[in-house]
Amino acid sequence: SGERRKGLQHERWGQHVGAMGHLLTLGLLAAQGWRVASEPEMEGQSPDILAVQGDARMLVEVRSVSGAGAFPWEHRKATGKGLTPDALEALAQNVALILQRKADIYRQLVQRRAIPYVICLYQDKDTEISGIARELLYGRTASLEALEPRDPAGGAFGDDLSDLRHVTAV
């Protein structure tokens, strides 16, 4: 009973975080001068956001990653310990799967319409997610404070086998 309650609370939190990520993305785009439509119907699909500014259009999918699922940040915060190398690799695989699924959903629509496609990853509490996503997508382990720029041919965006050519940005 206690485990079910905990799971239900986590699921409800995940839904709230997803909605919050969606609303924050809508607000950010609107503040930047984009007209936004939430879940527009396009060829039988409903991407999260269609943003329009003048002649420019883009599809935006929002994906919240809340608490890193099986890699609870609460324990790491309480103990002061980071992820073990195995857990970090497992989390990286989880983030890669999330990105691949989001990339695959609208692949044909994006290619048919020749429209920019952005996946907006929203990390709730877990600060490991953004670093992992940067490494997966852009390659080379580095912090934001690194003096050297990232290799533009690195990571998944630079790898033809990753099949992310239709994704404009994450």
Side-chain angles (χ1 to χ4, degrees), residues 4-74 90-139 144 150 152 155-170:
R4 280 185 262 161
R5 175 181 288 156
K6 185 177 174 184
L8 182 58
Q9 287 172 338
H10 176 77
E11 181 62 29
R12 286 183 185 157
W13 177 249
Q15 291 173 356
H16 292 300
V17 170
M20 186 168 54
H22 191 93
L23 290 171
L24 287 170
T25 303
L26 285 167
L28 174 68
L29 290 167
Q32 299 286 325
W34 293 87
R35 284 184 298 117
V36 292
S38 187
E39 298 187 1
E41 193 284 321
M42 300 178 77
E43 299 180 25
Q45 292 185 289
S46 299
D48 287 339
I49 300 168
L50 172 64
V52 179
Q53 190 175 64
D55 291 336
R57 303 167 78 81
M58 72 175 162
L59 293 183
V60 180
E61 268 298 294
V62 180
R63 178 55 159 88
S64 294
V65 182
S66 175
F71 312 94
W73 70 273
E74 293 98 343
L91 180 55
Q93 293 298 321
N94 191 21
V95 172
L97 184 60
I98 288 167
L99 289 169
Q100 192 63 55
R101 284 182 182 156
K102 280 292 181 185
D104 288 344
I105 291 172
Y106 296 104
R107 176 185 317 279
Q108 293 178 0
L109 178 65
V110 166
Q111 290 171 337
R112 276 194 306 273
R113 296 225 175 168
I115 187 170
Y117 179 46
V118 175
I119 299 171
C120 179
L121 266 189
Y122 173 73
Q123 70 181 19
D124 172 28
K125 303 170 192 168
D126 200 319
T127 58
E128 298 282 346
I129 305 296
S130 62
I132 288 170
R134 279 192 308 272
E135 287 183 24
L136 286 169
L137 296 166
Y138 301 102
L144 288 176
R150 290 184 180 274
F157 281 140
D159 180 3
D160 288 339
L161 297 177
S162 72
D163 205 19
L164 294 175
R165 288 181 298 274
H166 66 291
V167 178
T168 308
V170 174

Hey, mind stepping through M58 and W34 against side-chain contact (heavy atoms from CB on, under 4.5 Å) and telling me if it holds? CA-CA 10 Å; M58 72 175 162; W34 293 87; 3.9 Å; yes

Is any side-chain heavy atom of I98 less than 4.5 Å from a side-chain heavy atom of I119? no

Any side-chain heavy atom of R113 within less than 4.5 Å of one from E43? yes

Which atom pair, heavy atoms only, marks the closest approach of L59 to L109? CD1-CD2, 3.8 Å

Quick one: pull up [atom1] in [X] and [atom2] in [Y] and give me the separation to the nearest 0.5 Å.
X: E61; Y: R101; atom1: CD; atom2: CZ; result: 14.0 Å
X: C120; Y: R63; atom1: SG; atom2: CZ; result: 12.0 Å
X: N94; Y: L99; atom1: CG; atom2: CG; result: 10.0 Å

Under 3.5 Å, which donor-acceptor pairs do the side chains of residues 44-56 form with other protein atoms, sequence neighbours left out?
unit_1, atom_1, unit_2, atom_2, d
Q45, NE2, I105, O, 3.0
D48, OD2, V62, N, 2.7
Q53, NE2, Q32, O, 2.9
Q53, NE2, G33, O, 3.2

Between Y117 and R107, is a side-chain contact (heavy atoms from CB on, under 4.5 Å) present by the stated rule, with each step listed? CA-CA 9 Å; Y117 179 46; R107 176 185 317 279; over 6 Å; no

